Each structure stands twice: as C-alpha cells, then as structure tokens.
A.B. asks: 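One structure coming up, written as structure tokens, with questions to follow.
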Amino acid sequence: MASLTEEEDDHEIILDDETAHQIGIDPWYQAGFVLTTGVNSAYVLGYSGSLMVPLGWIGGAIGLLIAAGVSMYANALLAKLHLLGGKRHIRYRDLAGHIYGARMYRVTWAMQYVNLFMINIGFVILAGQALKALYLLIRDDGALKLPYCIVISGFVCTLFAVGIPYLSALRVWLLFSTAFSLIYIVAACVLALRDGARAPARDYSIPGDPSSRVFTTIGASASLVFAYNTGMLPEIQATIKPPVVKNMEKALWLQFTAGSVPLYAVIFIGYWAYGNETSSYLLNSVHGPVWVKAVANLAAFLQTVIALHIFASPMYEYLDTRFGSGRGGPFAAHNVVFRVGVRGGYLAVNTLVAAALPFLGDFMSLTGALSTFPLTFVLANHMYLVANGHRLSSLRKAWHWFNVVGFTVLAVAAAIAALRLIAVDSKTYHLFADV
C-alpha cells in the first residue's frame, strides 16, 4: 500500500468521498483553535477532582505529561495518514476503510459516533451544571433543578447548531470560545489561589481502601488520555488548507504547548487549594464575589455550547451529506428547516439521555475505554504499521506493536474499572436526579 510522501502533500489531492461541508479552506491556526477549544472546555473544571484526587501529586503530574506525549505522538501518526493513496481521507471511517476494508469502515464508524455521542451528552450535562450553579448564585430556592437546566442547555445548543452550518463556519466563535475559557479558568485559578492561601493544611492522600484505589487509578488513567484527544482528528484535518500534513502538525503543536497551559494551571491550582476535597466541578469549591462566580459559570455555559458543536460536527456532516438536499446555500430556507429538524432531533436525544442520566461520567468512562483508546492509540499505531510496514525498521515495528498491545490491555482494564463504578453508583442515583 502506498504511503504519503512530502511531494504528495503539496499537490492538489482528490477527496476520498463527497461531502456537503466545506473542505480544505482553513488556515492551520484555526484547526489549532478548534483543538484548543476541546482541550480547554469546561471539562477542565472537573479534572482536579477526577484526575488528581485518585492519582495524587506525583501520579497526576507525571500522568498528565506522559498522556500529553503519547497523545501528541498518536495524533501525529494519524495526521500523516490523511493523504494515504493520494486521496484526502476526510473522515476517520474513510481512512480505516481504505486501509482495512468495508468491515472496519463500519466498526470504526460505530466506535467514533458512539464516542462522540457520549461526549456530546457530557457537554449538555456540563452546560446544565453551569446553568444550575449560576441560578443558585442568584436564587437559592431549589426551584430550577438540574434536569430543567439540561433541557434549557439542549435548546440553546440546538439554536447554535442551526445557525452554524459546518465546522469551518465557527471562525470568530473560536475566539469567543477562547475568551470564555480564559474567563472561567482565570476566575477559578484566582479564587482557588486565594482560598488555598487562607486555608489550613490540606490532605493530599489518595482516598479509599487499597482495592478501590486500583479501580479509581485505572479509571483516572483513562481520563488522562480523554483530556487531550478528540476522537475526530481526520475530520478536523479535513478543514485545513494544503499542505495538510504539515499544517496539521503545526495545529497539534499549538494544542500541546501553549494550548495546554490553561489546562495545567486549573488542574494543579485546584488540587493544591482543596486537596482530596476538590469537587467534580471546581467552581462549586471556590469562594469569592458572587458576580465573579456568576460570570465564570456563564462563560462555562457558553463555551460548552460552542465545544459541543465541534464534537457534534461529524454527525452533522453525515446527516447533511446523506439526507440534505445539496441545493442552495447553507442559509437557504429549506436547508435551515432541515437543520432544525435533523440537528434538533439529534440534540433532543442527547438532552433526554443527559437529563435522565446526569451521572453519565461513569458510562463515559466505559465508552472511552471501548472507543477512545482504540480510536486514538490502537488504530493509529496499527494503521501506520499497515500503511508503512515495508519501510519501517524491526525496532520501529516492535515499538508500534508494543503500543497496539499495551493500549489494548489498558482499554480492557479501563472497561472493567468503569463497569465496577457503574455497578456501585447505580445503587445511589436515580433517573432524572437533581445531582
């Protein structure tokens, strides 16, 4: 199988398949902002509790750096396969189908869309939590419960999805997203620093008995790689102007250097300030002026709406290409009506599941184990092996096989840990819980 050469990346390349969305028009830094938006989404407000508490200072800090390194490496491998065989593979499933055949095309498609569906549900829950926290700062009467906030969030996400026809159209919204991220991250960091400076000595010991620590450590390890990866790199790379491989590498360097600084700041400062008492939503732990916390929660809500659109874009692209009319511009009346019905229906399902299961983090851990690990690490290394095996040395082949086997084992272990967590939490929570 032919592999990509640098010369191929400088020529006009045909698409592997047709699409209703815009392809190959964005500069590399726009893709970098898309990646940075994902890594600094409101999910970062939970990492102090979900990563550092079960791993501690040493495990958490080292784990974050290792996860960044292996994630950068795996994504760079995937980016190099974008032009395999002289075609732009604009979807993850297209690339897998080109390398493995029709069966893996369908398997990859299923894994990716289940993964992104669960991430989107998580974003709706996050937006609902931010909205509820904002309401409680204004009126602490308990009238606006989490399921209601989730429904409101789903409606706002639908309005945004109808108004932004495709991923490339985000443009200025990515700047707004960056500004919103900085608002809630800076607010959380400043207020946590103030709390930490005034508080007595914190307890940084890892909670739980030895057996439970094993499972929480495995689960946190799975969350480490979730923090850096989108599960849709080919779809993001599809928006970039040629040379697509070099430009995607630039976007990845932006994500894993300057783009990750806010992530590290809020994780480490939050854990330093509150120790193993850090909450799963950092803005619920901080103390300070009501207006600062209100602005931070509003920013988290708005950024989550934009971030969800990014992770829903592969589904939107499929629906628009498969069922759209293909006639007229994106804001022609019939296309707007189509988006209202189709994207509104998709997000309605997301919202219903989010409201019914607001403790979905447990299920997301399972989904991450069964799809994020395979998509980002196992498949990336194996596809690179298949595409370039004839050119690789024995040592490099052994390295890639080590990654394939190692991440497969981690995926199985993470799935077992997630199933145990689901079994434990199912005894505590109920449908449409106000958590």
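Count residues from 1 along the sequence. What you see is a predicted model; the values in this text were computed from it and never measured.
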A.B. asks: When you compare the side chain of Phe268 with that of Leu64, does any pair of heavy atoms fall below 4.5 Å?
C.D. replies: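 Of all side-chain heavy-atom pairs linking Phe268 with Leu64, at least one is under 4.5 Å.
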A.B. asks: Is the closest side-chain donor-acceptor distance between Tyr135 and Asp141 under 3.5 Å?
C.D. replies: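 Result is yes, a qualifying pair exists.
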A.B. asks: Have a look at His82 and tell me which of His89, Arg88, Lys87 forms a side chain to side chain donor-acceptor pair (under 3.5 Å) with it.
C.D. replies: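 In the set His89, Arg88, Lys87, the residue that makes a side chain to side chain donor-acceptor pair (under 3.5 Å) with His82 is Arg88.
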A.B. asks: Can you see whether Ser313 engages Glu317 through a side-chain donor-acceptor pair at a distance of less than 3.5 angstrom?
C.D. replies: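 Per modelled atom types, Ser313 and Glu317 side chains form no pair under 3.5 Å.
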A.B. asks: Is the shortest heavy-atom distance from the side chain of Val151 to the side chain of Tyr148 under 4.5 Å?
C.D. replies: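 No, every pair of side-chain atoms sits at 4.5 Å or beyond.
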A.B. asks: Could you tell me whether a side-chain N or O of Lys397 sits under 3.5 Å from a main-chain N or O of Gly389, the two making a donor and an acceptor?
C.D. replies: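 Pair found, side chain donor or acceptor close to backbone of Gly389.
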A.B. asks: Give a yes/no verdict on a cation-pi contact between Arg343 and Phe160, requiring under 6.0 Å between NZ or CZ and the six-membered ring centre and an angle within 45° of the axis.
C.D. replies: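 No, cation not above the ring by the 6.0 Å, 45° rule.
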A.B. asks: With no hydrogens and no angle check, just 3.5 Å: does a side-chain donor-acceptor pair link Ser177 and Thr37?
C.D. replies: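 A pair is found: one side chain offers a donor N or O, the other an acceptor, under 3.5 Å apart.
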A.B. asks: Hey, do the aromatic rings of His382 and Phe377 have their centres closer than 6.0 Å?
C.D. replies: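 No: the rings miss the under 6.0 Å criterion.
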A.B. asks: To the nearest 0.5 Å, tell me how far Leu347 CG sits from Leu352 CG.
C.D. replies: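 The CG atom of Leu352 is 12.5 Å from CG of Leu347, to the nearest 0.5 Å.
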A.B. asks: On a heavy-atom basis, which atom in Gly288 and which in Leu191 lie closest, and how many Å separate them?
C.D. replies: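 Closest heavy-atom pair between Gly288 and Leu191: CA-CD2, 4.0 Å.
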A.B. asks: How many angstroms lie between atom CZ of Arg91 and atom OH of Tyr318, to the nearest 0.5 angstrom?
C.D. replies: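 Arg91 CZ to Tyr318 OH: 10.5 Å, rounded to 0.5 Å.
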A.B. asks: Before you tell me yes or no, could you show the steps for Arg339 and Asp320 under salt bridge (Lys or Arg N to Asp or Glu O under 4.0 Å), namely the whole-Å CA-CA distance, both residues' side-chain angles and the distance that decides it to 0.1 Å?
C.D. replies: CA-CA 8 Å; Arg339 289 199 298 274; Asp320 293 348; over 6 Å; no
A.B. asks: Evaluate the ring pair (Phe, Tyr, Trp, His ring centres under 6.0 Å) criterion for residues Tyr43 and Phe123: first the C-alpha distance (whole Å), next the side-chain angles of each, then the deciding distance (0.1 Å), finally the verdict.
C.D. replies: CA-CA 8 Å; Tyr43 275 112; Phe123 275 124; 4.9 Å; yes
A.B. asks: Is it the case that the side chains of Asn297 and Tyr281 hold a donor-acceptor pair, with the cut-off being a distance below 3.5 Å and no angle test?
C.D. replies: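 There is such a pair (donor and acceptor under 3.5 Å, judged by atom type) between the side chains of Tyr281 and Asn297.
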A.B. asks: Between Tyr316 and His309 (judged by ring centroids, cut-off 6.0 Å), do the two rings come close enough to count as a pair?
C.D. replies: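 That pair passes the under 6.0 Å test.
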A.B. asks: One pair to check against ring pair (Phe, Tyr, Trp, His ring centres under 6.0 Å): Trp109 and Tyr92. What are the steps and the verdict?
C.D. replies: CA-CA 7 Å; Trp109 190 7; Tyr92 210 130; over 10 Å; no
A.B. asks: Supply the atom-to-atom distance Ile125 CD1 to Lys132 NZ, rounded to the nearest 0.5 angstrom.
C.D. replies: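 These two atoms lie 13.0 Å from each other.
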A.B. asks: Please check: side-chain N/O of Gln112 versus main-chain N/O of Gly231, any donor-acceptor pairing under 3.5 Å?
C.D. replies: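 Side chain of Gln112 to backbone of Gly231: a pair is present.
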A.B. asks: Given side chains that start at C-beta, do those of Val39 and Leu35 come closer than 4.5 Å, heavy atoms only?
C.D. replies: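 The answer is no; the side chains never approach within 4.5 Å.
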